[in-house]
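Atoms considered below: every heavy atom in the structure, side chains included; atoms not considered: hydrogens, waters and symmetry mates. Throughout, protein chains are lettered first and strands after them, A, B, ... in sequence-line order, and every chain is numbered starting at 1. In this text the structure is predicted, and so the values were computed from the model without any measurement.
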Amino acid sequence: MCGRATLSKSKAALEKRFRAKFSPIDEDQKIVNYNVAPTQLHPVITNENPDQIQLFKWGLIPFWAKDAKIGSRMINSRIETITEKPSFRNAVKRRRCLVPFDGFYEWKKIDNRKQPYYIHLRTKEVFTMAGIWEKWKNPENDQPVYSFSVITQSPSKFMAPIHDRMPAILLPEAEAKWLDISIPPQEALQLIRPLEDDLLAAYPVSNQVNRVSENNPELLVPFSPDQA
DNA sequence: CCAGACGTTGTT
DNA sequence: GTCTGG
DNA sequence: CCAGACGTTGTT
DNA sequence: GTCTGG
């Protein structure tokens, strides 16, 4: 699955990559993040505003929710069932988004412990995960809250030894199509396929990443079991 | 009809 | 809001 | 995803 | 064990 990730590129670099601009509202928001976690704000590009990069909350809050905290259980949506689930099926028809990252973490079970791995493109470039988004109105104050969920799929041959799920990573040429909601879900979901094995690289990192409060480039230093 | 869930992962 | 279960 | 809390009453 | 928060 996918519940932690990184985005270490500058706002300018993202704007260039996606030919889209951050909203002036988010001028003061820092986006570099070595430990992106659910409930945090993260940049997304939506079908509704493809020329903008907006900050949405990770963990989709269904429009009918009475309470925002349900979002922390909606951080991923399985490609196998996304068109059926009441929480996701409307969003996959009408509200798709690209979620930019330059890496993500997965925890591999080894005996009785869990070893975090960092996974990234060999090129170290930014890539996008296929996402869906939602607008939820907080009944407490009538303020809208925008949130998203990242789609997961079966692991590729490369990912299988590390974990039994992996995020839906889109090839750059599939990005515009994912955002085109005139393409029905059934067809759009076919853009999602296990990534070519030779595009990815992975290595173990220290369990510092377990703590959301740790957030610095040191998290990406390769971990060797013999260090003290 | 009303009440309650609506999700994923991982573990047992 | 909509579906499932009772 | 993992970490950390998980409760009430009453007093400071 | 299960839920909430980040």
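- Remark: the A:Asn207 side chain and the A:Trp107 side chain contain no N/O donor-acceptor pair separated by less than 3.5 Å.
- If you check B:dT11, D:dA3, C:dG1 against the side chain of A:Phe63, the one that comes closest is C:dG1.
- Residues A:Arg95 and A:Glu134 are paired through a salt bridge, judged by an N-O separation under 4.0 Å between the basic side chain and the carboxylate.
- Only one option out of A:Tyr146, A:Phe104, A:Phe101, A:Phe56 pairs with A:His42 in a ring-ring contact (aromatic ring centres under 6.0 Å, His included); it is A:Phe101.
- Counting any heavy atom pair closer than 4.0 Å across all strands shown, A:Ser87 reaches sugar-phosphate atoms only and no base atom.
- Put simply, A:Lys69 has no side-chain N or O that comes within less than 4.0 Å of OP1 or OP2 on E:dG5.
- Using atom P as the reference point in both B:dG7 and E:dG6, the two lie 24 Å apart (nearest Å).
- Atom C1' of D:dC2 sits at a distance of 12 Å from the matching atom of B:dT9, rounded to the whole Å.
- Across all strands shown, A:Phe88 has heavy atoms under 4.0 Å from sugar-phosphate atoms exclusively, and none from any base.
- A:Pro38 comes within 4.0 angstrom of a nucleotide base, judged by non-hydrogen atoms across all strands.
- For A:Glu214 and D:dC1, the CD to P distance is 20 Å, given to the nearest whole Å.
- Between the CH2 atom of A:Trp136 and the C1' atom of B:dC6 there is a distance of 15 Å, rounded to whole Å.
- Rounded to whole Å, atom P of B:dT9 lies 11 Å from atom CD of A:Gln153.
- Annotation: A:Lys124, atom NZ; neighbour count of heavy atoms from other residues, nucleotides and ligands within 6.0 Å does not exceed 12.
- Where A:Lys109 and A:Met74 meet DNA chain B, the nucleotide closest to each residue was compared, and A:Met74 sits on the side nearer the 5' end.
- The same atom, P, is picked in B:dA5 and in E:dT2; the two are 14 Å apart, to the nearest Å.
- With a 6.0 Å radius and a threshold of 12 heavy atoms from other residues, nucleotides or ligands, A:Glu173 has its CD atom above the threshold.
- Side-chain N/O atoms of A:Arg73 include none lying less than 4.0 angstrom from OP1 or OP2 on B:dT9.
- Closest approach to the A:Ala37 side chain among E:dG6, B:dG7, D:dC2 is made by E:dG6 (side chain taken as heavy atoms from C-beta onward).
- When each of C:dG1, E:dG6, B:dT11 is scored by its nearest atom to the side-chain atoms of A:Thr39, the top-ranked nucleotide is E:dG6.
- Base pairing annotation: C:dG6 forms a Watson-Crick or G-U wobble pair with B:dC1, both donor-acceptor distances under 3.5 Å.
- Between the P atom of B:dG7 and the CD1 atom of A:Ile132 lies a distance of 10 Å, rounded to the nearest Å.
- Comparing B:dC1 with D:dT8, their P atoms sit 37 Å apart, to the nearest whole Å.
- Rounded to whole Å, atom P of D:dC2 lies 15 Å from atom CG of A:Leu219.
- Of the candidates B:dT8, B:dC6, D:dC1, B:dT8 carries the atom nearest the A:Thr152 side chain, counting heavy atoms from C-beta on.
- Atom pair A:Arg94:CZ and C:dG1:P shows a separation of 16 Å (rounding to whole Å applied).
- A:Glu106 has its CD atom 12 Å from the C1' atom of B:dT8, to the nearest Å.
- For A:Arg89, no side-chain nitrogen or oxygen approaches OP1 or OP2 of C:dG1 to under 4.0 Å.
- Taking the 5.5 Å centre cut-off and the 30° plane limit, the aromatic side chain of A:Tyr105 is not classed as stacked on D:dC1.
- Looking at heavy-atom distances under 4.0 Å, A:Leu60 makes no contact with the nucleic acid at all.
- Note on A:Thr81: only backbone sugar-phosphate atoms sit closer than 4.0 angstrom, heavy atoms only; bases stay farther off.
- Base engagement by A:Trp64 is indicated by at least one non-hydrogen atom pair under 4.0 Å involving a base atom.
- Across all strands, A:Asn35 comes closer than 4.0 Å to no nucleic acid atom at all (heavy-atom distances).
- Using a 4.0 Å heavy-atom distance criterion, A:Arg211 is classed as a sugar-phosphate-only contact.
- If you take OH of A:Tyr117 and C1' of D:dC1, they are 17 Å apart, rounded to a whole angstrom.
- When the side-chain nitrogen and oxygen atoms of A:Arg165 are compared with OP1 and OP2 of B:dT9, one or more of them lie within a distance under 4.0 Å.
- When Watson-Crick and G-U wobble pairs are counted only if both distances are under 3.5 Å, B:dT8 pairs with no nucleotide at all.
- Residue A:Ser72 has no polar side-chain atom (N or O) positioned under 4.0 Å from OP1 or OP2 of E:dG6.
- Atom CZ of A:Arg19 has 12 or fewer neighbouring heavy atoms from other residues, nucleotides or ligands inside a 6.0 Å radius.
- Atom NZ of A:Lys177 has 12 or fewer neighbouring heavy atoms from other residues, nucleotides or ligands inside a 6.0 Å radius.
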